[in-house]
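One structure below.
In this text, all values refer to a predicted model and were calculated from it rather than measured experimentally.
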Amino acid sequence: MKKFENIKAIVLDKDGVFVDFHKLWMRMIAARAQILAEYTTTTWDAFNHVRTTCIRAMGVDDEDETIDPDSPVSMPFDMVKLAITTGLYIAVNSLEPTYTWKNAQADFSKSDKDLAEQLDFDDMIIAVDGSIEKIKEMDEAGLKLAVFTSDSAKNTERTLEKFELKDSVEHTVAGMYKTAEMYQGICDKLGVKPEETIFITDSPVDARIGKEAGANIIAVFSGVIRKEAADKHAANVDEFIDSLADLDIAALTQGAAV
């Protein structure tokens, strides 16, 4: 088992690590797909076709709710928008050839208002069990903390406020496609080297860029990576745990195995 030594900082992905991805984003994805299908169809069969295509464009299988962890669902909003708009255009145009890419863009933009009216984002931010307490335990143990997420800066700010983590988290990077260079920038802000950090994530994309930057990687099974697919991602992950709540802070700060 991997031994982590001289760890000074923890970098946390947000969704899937301390925010329950399935209770937030799966609901958001399904709601937007339904709204777009309502805009563009008049029959039940057409509605189901458009709704299903928009959901699957995100990398989600709506039948068993499995998620492709390398899909747009783990990407920043501009890539999410492109994926759903493309799925919408392909689905509706196959039924109505006069439906254009411009129509799809307009319908996606219009859906923002309806989505905001139908769903209360703050109420939908639900923590992964035990994760908030674990983050506060990290802070109390003297570890520097950062959040590195593809979600927007606004949503990240609201999340930290809701869970009263703003005083615990020293630095936040949000709303962009993640790179190893950005991870190094986080380390520079924290005053640590990448090898003195652990990046905790539920995303194989994150694991790759974190490993490229020189960080230690812990992947959780509380987000998009499924336990049965762990071997597929093992090359970039030092340790797998069920959730952030299972991280042994005492062992970590002593340089022992998690």
Side-chain angles (χ1 to χ4, degrees), residues 13-16 19-126 148-159 161-162 173-179 202-206 223-224:
D13 185 21
K14 179 171 73 71
D15 299 318
V19 171
D20 192 320
F21 173 90
H22 297 274
K23 291 178 181 176
L24 175 60
W25 294 111
M26 293 291 282
R27 188 175 170 192
M28 294 278 282
I29 290 165
R32 190 186 291 273
Q34 178 152 331
I35 289 167
L36 293 172
E38 289 171 351
Y39 288 168
T40 55
T41 64
T42 57
T43 68
W44 181 248
D45 286 346
F47 174 90
N48 279 334
H49 174 63
V50 171
R51 179 183 180 278
T52 297
T53 301
C54 288
I55 291 173
R56 292 184 176 177
M58 291 296 296
V60 177
D61 187 324
D62 59 318
E63 292 184 359
D64 61 6
E65 292 194 348
T66 57
I67 303 165
D68 177 356
D70 288 302
S71 66
V73 76
S74 301
M75 303 297 175
F77 182 73
D78 58 343
M79 300 185 76
V80 171
K81 179 178 180 180
L82 178 61
I84 297 180
T85 303
T86 301
L88 177 66
Y89 167 69
I90 291 171
V92 180
N93 182 262
S94 70
L95 303 170
E96 174 49 68
T98 62
Y99 189 82
T100 67
W101 174 256
K102 188 174 181 179
N103 293 143
Q105 290 178 305
D107 282 338
F108 183 94
S109 296
K110 185 170 69 169
S111 72
D112 283 342
K113 180 180 178 182
D114 286 345
L115 194 64
E117 291 175 351
Q118 290 185 22
L119 300 176
D120 187 324
F121 182 84
D122 288 342
D123 285 347
M124 290 167 57
I125 303 172
I126 297 172
F148 190 19
T149 176
S150 295
D151 195 16
S152 70
K154 179 181 178 181
N155 288 348
T156 303
E157 182 82 3
R158 289 160 74 180
T159 300
E161 287 180 354
K162 177 171 181 174
V173 174
M176 294 178 279
Y177 186 83
K178 298 173 184 174
T179 66
D202 73 319
S203 164
V205 176
D206 288 1
V224 298

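Counting heavy atoms from C-beta on, the side chains of Met58 and Ile84 come closer than 4.5 Å. Side-chain contact between Leu115 and Ile35: present, with at least one pair of heavy atoms (C-beta onward) separated by less than 4.5 Å. Two residues are said to be in side-chain contact when any heavy atoms from C-beta on lie closer than 4.5 Å; Arg158 and Asn155 meet this criterion.
For the side-chain contact (heavy atoms from CB on, under 4.5 Å) with Gln105, the qualifying choice from Thr85, Thr100, Leu88 is Thr85, the only one to do so.
Here the side chain of Lys178 pairs a donor or acceptor atom with the backbone of Phe148 at under 3.5 angstrom.
Ser111 and Asp114 are not linked by any side-chain donor-acceptor pair at a separation below 3.5 angstrom, with hydrogens and angles left out of the test.
Below 30°, between 30° and 60°, or above 60°: for Tyr99 and Tyr89 the angle between ring planes is below 30°, a parallel geometry.
For the atom pair CD of Gln34 and CG of Leu36, the computed distance is 10.5 Å after rounding to the nearest 0.5 Å. The CG atom of Asp45 lies 10.0 Å from the CG atom of Leu95; values are rounded to the nearest 0.5 Å. In this structure, Phe47 CZ and Tyr39 OH are separated by 12.5 Å, a value rounded to the nearest 0.5 Å. Distance check, rounded to the nearest 0.5 Å: OG1 of Thr159 to CG of Asp151 gives 6.5 Å. To the nearest 0.5 Å, the span separating CD1 on Ile125 from NZ on Lys14 amounts to 6.5 Å.
For Glu161, the salt bridge (Lys or Arg N to Asp or Glu O under 4.0 Å) partners two or more places apart in sequence, or in a different chain, are Lys166. Taking Asp112 as the reference, Arg32 meet the salt bridge (Lys or Arg N to Asp or Glu O under 4.0 Å) condition, with sequence neighbours excluded.
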